[in-house]
Protein chains: 2
Amino acid sequence: MTPARTATGTSTPRGRRAARSAGDDRELAILASAERLLRQRAFADISIDDLARGAGISRPTFYFYFPSKDAVLLTLLDRVTEEADAAAGDVLDRLAEDPRARWRELIDRFHETFGAHRAVVLACAQVRGTNAEVRQLWAAVLERWVHAIETAIGAERRRGAAPDGLPARDLAIALNSMNERVWYATFAGDGPAVAERDVVDVLLDVWLAAIYRSSTPPPA
Amino acid sequence: MTPARTATGTSTPRGRRAARSAGDDRELAILASAERLLRQRAFADISIDDLARGAGISRPTFYFYFPSKDAVLLTLLDRVTEEADAAAGDVLDRLAEDPRARWRELIDRFHETFGAHRAVVLACAQVRGTNAEVRQLWAAVLERWVHAIETAIGAERRRGAAPDGLPARDLAIALNSMNERVWYATFAGDGPAVAERDVVDVLLDVWLAAIYRSSTPPPA
DNA sequence: ACGTCAGTCAACACCCTGTCGACTGCAATC
DNA sequence: GATTGCAGTCGACAGGGTGTTGACTGACGT
């Protein structure tokens, strides 16, 4: 184990020691402990001592693995963002085939991925305001999603399926923001929310209206 | 002064004492101190001692006026929400006159009101995740906005200006959520943002597309 | 057998919150 | 003009959380 690092750590360089030392297990144990605790109570109500005990170690030892409580969350978020990126995948490359179905799939995957890790995502949304690292990592994911959407809108316009209008990037930001906030309201319950089973339909409808000025995009 | 109350307090019942005692000034001083400090640093980085010293009192005395740091923020939010409600006003009642202009006015006022108190609103957004009272008060404001929008959409449909489609409430929630998140990204910089001068135009465009399935609603 | 280093934790210093009890002074009451 | 009551004030304390230090252990390479 290299001592406490900035938590974005992906590959852990190791010295002349064995490829996997006891420390790896501990680190994983802390991560697992955190995700489990997060399903029970809010991030702010979890102390480092809780995290440490949950992983079977003492508080000072925790600091050997992570520099702070936030760093644990950041590592957790790091994993989720990888999944989220993978989820976006190439859905939008095959947009011309069946626009409605593909856009729906994108929105659906967004919800699925974040829903699967809602405890982590919800915690990050709370910490985002106070922790710059989390804020940046989160912003980076959003940026990638926005970029994919922007590109897809551009392609639809180029093939004549969607009319010109707002700059594609601005439109992509607005729609992605809508999804993010609606998702959050649904799971965090901090505002008027759409029934969970209707969420995707509602969002899709607005997306199609904004992109195609119609509820039903023209087929290829 | 009544001793520490739950901060939503509007009217302060007083005993046989004078109508305005020294305590009122102190309470106002704390509020002013908080709003000033909030413009300089994050809510989490402001201690109760900072708030108290900023108001020229000691920390224990602070507790005579507010039960906690969060309660101060809640009181501040309470004021902003009153303004926000007033801002919405009757804009949407005169929608038939000039739909595009009225919707634009609504979105504009949303931005103006929140922009004028961005320090407080930003702080609330951060605390929202951990404080149930703030979360509820916030949700209540959103609910009122959503309700106003929902009603307006219903009216537009009834007069034949807007086509049927999504339940008006779901549409209202989605659009309002979009505005909220886009506003937040613009001022908190925690994600891809639209240029500040374009924000209203971008949002309006999506609103009109979603409500009227067109960029230009039919005139009365 | 010996040095090194990953890994561990008791104990400490520090900061922040919230409370308690004692104090002050005004203002109504006798 | 003494007395009483209460708004208002704060020093001092208890408690809980964070982050650090320094000493200890044991496995591993030489």
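Letters A, B, ... are given to chains in the order of the sequence lines, protein chains preceding strands, and every chain is numbered from 1.
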Enquirer: Counting side-chain heavy atoms from CB outward, which of D/dG11, D/dT21, C/dG7 is closest to A/P60?
Expert: D/dT21
Enquirer: Closer than 4.0 Å, any side-chain N/O of A/S47 to the OP1 or OP2 of D/dG17?
Expert: no
Enquirer: Return the nearest nucleotide to the side chain of B/F64; candidates are C/dT17, D/dT20, D/dG8.
Expert: D/dG8
Enquirer: Side-chain contact, heavy-atom cut-off 4.5 Å: A/F66 with A/D70?
Expert: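 No; the side chains remain at least 4.5 Å from each other.
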Enquirer: Rounding to a whole Å, what distance do you find between B/F66:CZ and C/dG18:P?
Expert: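 It is 14 Å, rounded to the nearest whole Å.
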Enquirer: Rounded to whole angstroms, how far apart are OH on B/Y65 and C1' on C/dG18?
Expert: 18 Å
Enquirer: In this structure, how many angstroms lie between the C1' atom of C/dT17 and the CZ atom of B/F43, rounded?
Expert: 13 Å
Enquirer: Grab the CD1-P distance between A/I48 and C/dC15 for me, whole Å please.
Expert: 17 Å
Enquirer: Quick test of your reading of the model: are B/E143 and B/R169 salt-bridged, counting only N-O distances below 4.0 Å?
Expert: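 Yes, charged N to carboxylate O under 4.0 Å.
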Enquirer: Nearest to the side chain of A/R59, which nucleotide is it out of D/dT18, C/dC9, C/dC20?
Expert: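 So the nucleotide nearest the side chain must be D/dT18.
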Enquirer: Among the nucleotides C/dG18, D/dC10, D/dG19, which one has an atom lying closest to any side-chain atom of A/Y63?
Expert: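 The listed nucleotide nearest to A/Y63's side chain is D/dG19.
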Enquirer: Output the rounded distance in Å from CD (A/E27) to P (C/dA6).
Expert: 14 Å
Enquirer: Could you state the atom-to-atom distance from CD1 of A/I57 to C1' of C/dA10 in whole Å?
Expert: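 Distance, rounded to whole Å: 15 Å.
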Enquirer: Choose from C/dT17, D/dC10, C/dA10 the nucleotide whose nearest atom is closest to any side-chain atom of B/T61.
Expert: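 The answer is D/dC10.
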Enquirer: With B/R109, which of B/H111, B/E105, B/E112 fulfils side-chain hydrogen bond (donor to acceptor under 3.5 Å, both in side chains)?
Expert: B/E105
Enquirer: Counting only heavy atoms from other residues, nucleotides and ligands, does the tally under 6.0 Å from CZ of A/R36 exceed 12?
Expert: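 Buried by this count: over 12 neighbours within 6.0 Å.
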